[in-house]
There are 2 protein chains.
Amino acid sequence: MAVTIKDVAKLANVAPSTVSRVIANNPRISEKTKKKVKEAMRQLGYHPNFIARSLASQSTQAIGLVMPSSADIVFQNPFFSTVLRGLSEGAHVKHYALHMTTGKTDEEIFDGVMQMVQGGRVDGVILLYSKVEDKIQSYLRERNFPFVVIGKPFKNVEEITHVDNDNFRAAKDVTEYLIKLGHQQIAFVGGSLNMVVTVERLLGYEKAIREAGINLVNEYIVHEQFLREGGQEAIRGLLSLERPPTALVVSDDLMALGVLNTLNEIGLAVPEDMSIISFNNVIIAEMSRPPLTSVDINIFDLGFEASRSLIQLIENPKEPVKRIIIPHQIVERSTCAAPNLR
Amino acid sequence: MAVTIKDVAKLANVAPSTVSRVIANNPRISEKTKKKVKEAMRQLGYHPNFIARSLASQSTQAIGLVMPSSADIVFQNPFFSTVLRGLSEGAHVKHYALHMTTGKTDEEIFDGVMQMVQGGRVDGVILLYSKVEDKIQSYLRERNFPFVVIGKPFKNVEEITHVDNDNFRAAKDVTEYLIKLGHQQIAFVGGSLNMVVTVERLLGYEKAIREAGINLVNEYIVHEQFLREGGQEAIRGLLSLERPPTALVVSDDLMALGVLNTLNEIGLAVPEDMSIISFNNVIIAEMSRPPLTSVDINIFDLGFEASRSLIQLIENPKEPVKRIIIPHQIVERSTCAAPNLR
DNA sequence: TTGTAAGCGTTATCAG
DNA sequence: CTGATAACGCTTACAA
């Protein structure tokens with residue numbers, strides 16, 4: 001058995017509760033005994049037992065993370081390393097740890113969340129994504145358990161603290177950017193419509209198109225998985241259109257990479273024959289050839305702020321609901337140009 | 001307060017200990033009471049409290065993860081998303097959760113580990129990397145705390161369970177591959193020599209060079225950070241050599257991407273003017289232009305097996321030390337060719 | 001300022 | 001097969 005508070009108490013000739021107070025840095029304890037106790041802790045190499053503390057205080061200093069299905073390819077997106085970094089730094093500031101379970105199916109994931117929550121393993125939960133109809137969000141809301149979502153909640157936006165980009169605006173921005181370059185045939189290549197982020201970006205795209213008085217072409221809107229193959233399929237379909245687009249708004253960098261490759265194989269030059277602008281600006285955006293013009297959504301901050309606000313919520317349950325919008329900016333690189341008018 | 005074992009006991013008209021037995025699926029309990037208790041649990045929506053259970057049973061069903069510094073760029077490598085996926089799937093099979101703390105400095109990380117371990121937060125620990133002199137490994141060893149490392153321990157290899165690739169062999173393989181293609185001037189671009197993986201790969205490279213009767217040129221060995229800028233620096237130095245290399249062994253895909261870009265800027269063609277082979281085969285290896293010839297080290301398996309073997313170690317402390325070698329294979333794509341003899 | 005003692009929700013050891 | 005009861009290591013009234 002490890003050394004406990006009692007051992008320390010015995011050595012320091014005080015009561016266990018006194019030791020506990022010293023640990024908690026209780027102000028009403030004499031400097032003398034404080035020193036005495038600390039010395040005893042040092043001598044014995046004492047370390048507080050988190051589990052016992054959690055049980056007694058009903059708080060774990062741990063944040064639960066809900067990731068997408070581990071079977072899901074989005075899991076592979078560098079996006080996640082980066083949010084994770086943000087999350088953990090944000091948590092670390094307040095000495096919170098991260099706790100995660102995963103699963104392959106939605107069912108498994110849901111069970112994992114239930115166990116974390118009802119099992120008292122965590123003080124709060126962060127959802128790393130926002131789906132259109134999410135059992136988990138409803139569950140958490142019903143139980144009134146502290147949670148924040150990264151992304152925009154589909155329902156009850158006003159009642160759920162969340163950290164998000166203005167994806168509608170970002171998509172509108174990029175589309176207008178393309179229009180300003182002279183494009184009129186702009187396609188949208190997005191991920192699953194089950195993800196709120198896709199919906200938002202699509203809406204922003206449509207809005208920009210409409211406002212510019214351009215006709216919305218249904219065939220210009222395609223949805224594919226975020227990664228790899230996805231991009232390829234999408235692009236071939238688009239190119240086989242009678243009047244193929246001259247520019248693409250692509251919902252994710254990795255997908256844009258795929259597009260870039262397909263284009264390359266087909267023999268179309270970017271940006272000469274096709275302009276591409278994508279989202280997220282993950283590390284590889286600048287390493288692609290040509291480097292991607294992409295919307296930096298400040299992924300790290302997304303994570304960092306999510307942790308921060310969850311902790312606030314945990315430590316002050318009356319904390320008002322918040323919506324934190326992380327700014328975005330277009331990072332111009334080399335995949336956009338004026339259309340090649342034929 | 002949530003519903004506890006006592007509430008269930010009361011409703012089912014049994015003792016709390018009986019309920020506990022039902023949960024543990026204790027064989028010597030009558031089917032009848034088992035059913036009765038389960039019904040009561042269902043009615044009350046009972047969920048066992050993990051914390052209490054952990055305290056009583058001195059086991060948490062959680063695995064601690066030790067990540068590299070969150071400030072470190074390697075953290076950004078897609079490598080981590082993938083090990084994480086492997087780790088979590090491996091853990092999930094046995095219903096273990098993952099627990100992580102991070103820090104920016106080695107000091108902070110070490111503290112985090114101490115807290116996890118001595119605080120009883122986790123039953124075992126997995127190190128996601130292996131450094132040359134690692135306080136954490138010594139610490140864990142001294143305390144005789146179950147842990148496994150992903151990568152090769154620098155010291156006490158025989159006494160530490162680890163999951164690794166045969167990086168020496170892999171590096172030798174790729175170098176020989178290059179030699180067989182006709183290259184004689186082969187450079188090695190590696191990450192920090194503090195990482196055991198770099199050392200191993202360098203050694204394998206050297207071995208192949210020597211065995212082929214080629215002179216080892218000191219200037220052909222450069223070390224840079226794994227990511228981005230790293231590659232650029234390295235490559236410029238190499239090209240300014242009197243007799244520049246015709247092929248590169250690059251220790252990481254992302255770094256190879258950087259190299260590819262620099263080469264592109266300089267106006268050298270790959271693989272015509274320079275062959276490149278790299279390691280890890282992360283998702284972007286196949287998406288780069290040209291697609292990277294890379295060594296697939298089966299990152300997912302690395303993580304999966306690490307979880308598996310740690311759990312074995314936890315559940316059976318007498319489990320013998322294991323070394324698990326995950327196979328690797330060269331994935332030929334388009335960055336290697338015979339040298340352009342001038 | 002410090003000590004006593006009652007929890008926190010389980011598991012585990014004895015009896016019976 | 002089941003019930004008391006004592007841990008597990010800490011926090012927190014309540015007393016002193």
Side-chain angles (χ1 to χ4, degrees), chain A residues 1-38 40-41 44-62 95 115-123 315, chain B residues 1-38 40-41 44-62 95 115-123 315:
Chain A
M1 274 318 82
V3 23
T4 80
I5 216 173
K6 285 185 190 164
D7 303 320
V8 177
K10 208 165 289 170
L11 181 61
N13 251 313
V14 295
S17 53
T18 303
V19 178
S20 174
R21 290 189 182 101
V22 172
I23 296 170
N25 220 323
N26 190 315
R28 47 187 201 186
I29 212 106
S30 78
E31 274 308 319
K32 214 177 90 197
T33 41
K34 199 176 278 184
K35 188 162 283 173
K36 194 171 57 178
V37 170
K38 282 192 172 160
M41 301 202 306
L44 297 175
Y46 169 78
H47 267 263
N49 181 314
F50 262 98
I51 302 296
R53 174 183 296 190
S54 298
L55 185 58
S57 66
Q58 303 284 60
S59 101
T60 61
Q61 294 267 104
H95 307 289
Q115 286 187 15
M116 296 204 289
V117 171
Q118 314 217 17
R121 286 244 235 205
V122 299
D123 295 339
E315 299 190 338
Chain B
M1 275 315 84
V3 23
T4 81
I5 216 174
K6 285 183 187 163
D7 303 321
V8 177
K10 209 164 289 173
L11 181 62
N13 251 311
V14 294
S17 49
T18 303
V19 178
S20 175
R21 288 189 184 99
V22 172
I23 296 171
N25 220 323
N26 190 315
R28 45 185 201 189
I29 210 107
S30 77
E31 275 307 319
K32 213 177 91 196
T33 42
K34 198 178 279 186
K35 187 162 285 173
K36 194 171 57 177
V37 169
K38 281 192 172 161
M41 300 201 307
L44 297 174
Y46 169 78
H47 267 260
N49 181 313
F50 263 97
I51 301 296
R53 174 184 294 189
S54 298
L55 185 57
S57 66
Q58 302 286 60
S59 101
T60 61
Q61 294 267 102
H95 307 290
Q115 286 186 14
M116 296 204 287
V117 171
Q118 314 217 15
R121 285 241 234 206
V122 298
D123 295 340
E315 298 189 339

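Below, chains carry the letters A, B, ... as their sequence lines are ordered, and counting in each starts from 1.
Residue A:T4 has its side chain nearest to D:dG9 when only D:dT2, D:dG9, D:dC8 are considered. Out of C:dT10, C:dG3, D:dC10, the shortest distance to the side chain of B:Y46 is found at C:dT10. Side-chain atoms of A:S30 lie closest to C:dT1 of the nucleotides C:dT1, C:dG3, D:dC1. Minimum atom distance to the side chain of B:L55 is reached by D:dC8, of the listed D:dC8, D:dC1, D:dC10. Checking D:dC1, D:dC10, C:dG3 against the side-chain heavy atoms of A:V14 singles out C:dG3 as nearest. In this structure, the nucleotide among D:dT12, C:dG3, C:dT11 sitting nearest to the side chain of A:S57 is D:dT12. Distances from the side chain of A:S20 to the nucleotides D:dT12, D:dG9, D:dA13 place D:dT12 closest. Across D:dT2, C:dG9, C:dT11, the shortest atom-to-atom separation from the side chain of B:R53 is found for C:dT11. Of the candidate nucleotides C:dT10, C:dT2, D:dG3, C:dT2 has the atom nearest to the side chain of A:I29.
The interatomic distance linking B:N26 (CG) with C:dA12 (C1') rounds to 11 Å, in whole Å. One interatomic measurement links the two molecules: CZ of B:F50 to P of C:dT11, which rounds to 10 Å at whole-angstrom precision. When rounded to the nearest whole Å, the span between CD1 of A:I23 and P of D:dT12 equals 12 Å. Between B:I5 atom CD1 and D:dA7 atom C1' there is a gap of 15 Å when expressed in whole angstrom units. Distance CG (B:N49) to C1' (D:dG9): 15 Å, rounded to an integer number of Å. For B:K36 and D:dG3, the NZ to P distance is 7 Å, given to the nearest whole Å. Per the geometry, CZ belonging to A:R121 stands 21 Å off P belonging to C:dC8, to the nearest Å. One can place CD1 of B:I51 at 11 Å from P of C:dT10, the figure rounded to the nearest angstrom.
For the atom pair CZ (B:F50) and OG1 (A:T60), the distance works out to 13.0 Å, reported to the nearest 0.5 Å. The distance from the CD atom of B:E315 to the OG atom of B:S59 is 8.5 Å, given to the nearest 0.5 Å. Here the CZ-CG distance, from B:R53 to A:L55, works out to 13.0 Å after rounding to the nearest 0.5 Å.
Closest approach of B:R121 and A:Q61 over heavy atoms only: NH2-O, 3.5 Å. Shown here for B:A12 and B:A40, the closest heavy-atom pair between the two residues is CB-CB, 3.9 Å.
B:T33 has a side-chain polar atom (N or O) that falls below the 4.0 Å cut-off from OP1 or OP2 of D:dT2. For A:Q58 and C:dG9, the shortest distance from a side-chain N or O to OP1 or OP2 is below 4.0 Å. At C:dT2, none of the side-chain N or O atoms of A:S17 fall inside 4.0 Å of OP1 or OP2 (strictly under the cut-off).
Inter-residue side-chain proximity for B:V19 and B:K6 is flagged as unmet; no heavy-atom pair is nearer than 4.5 Å.
Note on B:P16: nothing from the nucleic acid sits closer than 4.0 angstrom, heavy atoms only.
The residue among B:R28 and B:A52 whose nearest nucleotide of DNA chain C lies closer to the 5′ end is B:A52.
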